[in-house]
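Report on the structure given below.
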Amino acid sequence: MRHLIDPLDFTREETDALLDLASRIREDPAAYQEVARYKKLATLFYEPSTRTRLSFEAAMLNLGGHVLGFPSENVSSATKGESVADTIRVVSCYADIAAMRHPKEGAPLRASRYSRIPVINAGDGGHQHPTQTLTDLMTIRSRKGTLNGLTIGLCGDLKFGRTVHSLIKTMVRYEGVRFVLISPEELRVPDYIITDVLEGSDIPYAETRSLEESMPGLDILYMTRVQKERFFNEEDYIRLKNSYILTRDKMALAKPDMAVLHPLPRVNEIALDVDDDPRAAYFEQVQNGVYVRMALIMTLLGLPDPKAPKEGV
Ligand code: NCD
């Protein structure tokens with residue numbers, strides 16, 4: 001039985017195959033509408049979410065399956081003191097697969113050790129968010145036609161942003177990738193990302209404070225929200241929250257085929273008038289999130305692909 005806890009739980013080949021499946025689903029969603037008939041997905045969300053929970057639910061419903069679960073810690077037995085280990089043992093009796101979001105780093109990993117069904121990490125604290133990464137990869141691949149040879153700018157809260165950590169970890173497996181890390185000093189990427197992930201794989205990177213200066217060289221600009229809920233004090237958040245705002249003027253400095261991604265929710269990081277720019281890819285990203293989650297559910301449940309390419313074709 002397989003889980004998806006860390007983005008590296010899938011090899012690069014498996015990740016590419018999953019993205020291929022997601023693309024086949026996008027081309028002909030109707031062909032997949034009965035694939036997970038009678039299967040049940042449990043969504044166990046101990047932290048707020050709009051997109052991730054709803055996109056998991058939409059994905060399972062699109063496959064003809066069912067969903068059950070709870071949308072916040074307050075309405076689950078966690079408030080009575082139940083452990084994640086016990087919760088997943090119980091949920092294993094009700095569902096075929098589970099997606100878990102938790103404020104504690106490592107909670108989905110712990111759950112997977114006690115689970116009799118596949119567990120998907122839907123975000124654990126400031127740590128990882130592998131299904132957002134699949135969404136990001138699908139969007140980058142469909143905009144640029146490849147995941148190789150790209151200069152990727154990541155801007156905003158690179159310290160607490162789990163989507164950033166997962167994306168870097170995954171993208172270093174592709175060829176000719178460079179990173180420009182744009183953040184205030186206080187919100188730089190954690191040291192382990194620099195030493196173990198970037199330097200460990202000999203990946204060229206630059207750290208900078210300036211979004212303007214970085215713009216002309218970027219193929220992808222990945223904007224992020226300052227993660228208010230992970231700050232220890234309100235004053236720091238208020239001081240840092242508007243560090244970067246992407247505006248039309250700044251977009252004028254970028255390549256004509258750059259793509260702007262954002263995992264959403266957006267607060268102030270992208271001015272509303274950027275939404276009409278053809279380079280804005282963040283709502284397309286939301287749509288892709290459903291297809292990759294459909295592909296992921298099928299992969300973890302071992303469900304056959306009705307549109308699989310024939311051998312030797
Ligand atoms: C992200 C998250 O939860 O980490 N949102 C999401 O899942 N699309 C990003 C964020 O909350 O800023």
Side-chain angles (χ1 to χ4, degrees), residues 4-7 22 41 43-59 69 71-73 98-109 119-140 152-171 181-184 186-187 189-190 193 220-231 236-237 240-246 259-270 275 280-294 296:
L4 177 61
I5 304 299
D6 185 287
L41 164 80
T43 53
L44 315 174
F45 276 62
Y46 297 85
E47 222 188 36
S49 166
T50 306
R51 258 151 307 277
T52 307
R53 189 171 61 84
L54 293 185
S55 70
F56 266 112
E57 295 191 1
S72 92
E73 179 174 32
M100 176 183 283
R101 168 169 290 192
H102 206 287
K104 269 207 203 112
E105 310 193 342
L109 174 65
V119 175
I120 301 167
N121 178 4
D124 62 327
H127 192 217
Q128 300 290 338
H129 195 343
T131 62
Q132 181 64 45
T133 298
L134 293 171
T135 305
D136 302 340
L137 296 187
M138 181 170 184
T139 309
I140 295 172
I152 302 171
L154 298 138
C155 178
D157 187 347
L158 310 187
K159 179 179 181 184
F160 297 117
R162 55 195 172 193
T163 63
V164 167
H165 308 154
S166 291
L167 185 60
I168 297 177
K169 265 179 105 169
T170 309
M171 282 303 298
L181 307 171
I182 309 154
S183 74
E186 295 90 331
L187 300 178
V189 286
I193 296 278
I220 302 290
L221 173 59
Y222 194 92
M223 294 297 295
T224 62
R225 171 179 73 90
V226 176
Q227 306 279 298
K228 181 178 184 190
E229 65 277 32
R230 317 238 182 265
F231 276 76
D236 287 347
Y237 170 70
L240 293 167
K241 68 177 181 178
N242 289 329
S243 297
Y244 299 99
I245 300 177
L246 181 64
V260 183
L261 275 69
H262 189 308
L264 304 180
R266 145 174 69 182
V267 184
N268 270 333
E269 314 76 54
I270 304 181
D275 296 357
Y282 29 94
F283 291 113
E284 186 179 308
Q285 223 174 326
V286 175
Q287 181 67 62
N288 289 335
V290 179
Y291 301 128
V292 294
R293 290 182 175 98
M294 290 169 77
L296 178 63

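We count ligands from 1, going down the list as the structure has it; atoms in each ligand are counted the same way. Side-chain atoms are counted along with the backbone in the values below, which use heavy atoms only and exclude waters and symmetry mates.
- Across all their heavy atoms, G156 and P184 have their closest contact at O-CD, 3.8 Å.
- Rounding to the nearest 0.5 angstrom, the gap separating the CZ atom in R293 from the CZ atom in R51 is 10.0 Å.
- Per-residue contacts place T163 under 4.0 angstrom from the following atoms of ligand 1 (heavy atoms of the residue considered): 1 (C), 4 (O).
- Closest heavy-atom contact between A59 and V290: CB-O, 3.8 Å.
- Of the N or O atoms in P265, none lie within a sub-3.5 Å distance of an N or O in ligand 1.
- With a 4.0 Å heavy-atom cut-off, ligand 1 is reached by the backbone of L264 but not by any atom from C-beta on.
- At under 3.5 Å, a nitrogen or oxygen of R101, whether backbone or side chain, sits near a nitrogen or oxygen of ligand 1.
- The main-chain N or O of K159 is found under 3.5 Å from a side-chain atom of H165 such that the two form a donor-acceptor pair.
- Close approach of ligand 1 to T52 (heavy-atom distance below 4.0 Å) involves ligand atoms 6 (C), 7 (O).
- What sits closest to atom 8 (N) of ligand 1 on the protein, heavy atoms only, is P263 O, 2.8 Å.
- Expressed to the nearest 0.5 Å, how far CG of D136 lies from CG of N288 amounts to 9.5 Å.
- Atom 11 (O) of ligand 1 has its closest protein heavy atom at R225 NH2, 2.9 Å.
- Checking only distances, Q227 does come within under 3.5 Å of ligand 1, N or O to N or O.
- Among protein heavy atoms, the minimum distance from atom 3 (O) of ligand 1 is reached at R162 NH2, 2.9 Å.
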Might you work through the salt bridge (Lys or Arg N to Asp or Glu O under 4.0 Å) test for E105 and R230, ending with a clear yes or no?
CA-CA 12 Å; E105 310 193 342; R230 317 238 182 265; over 6 Å; no

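- For the residue pair H262 and L264, the shortest heavy atom distance occurs at ND1-N, 2.8 Å.
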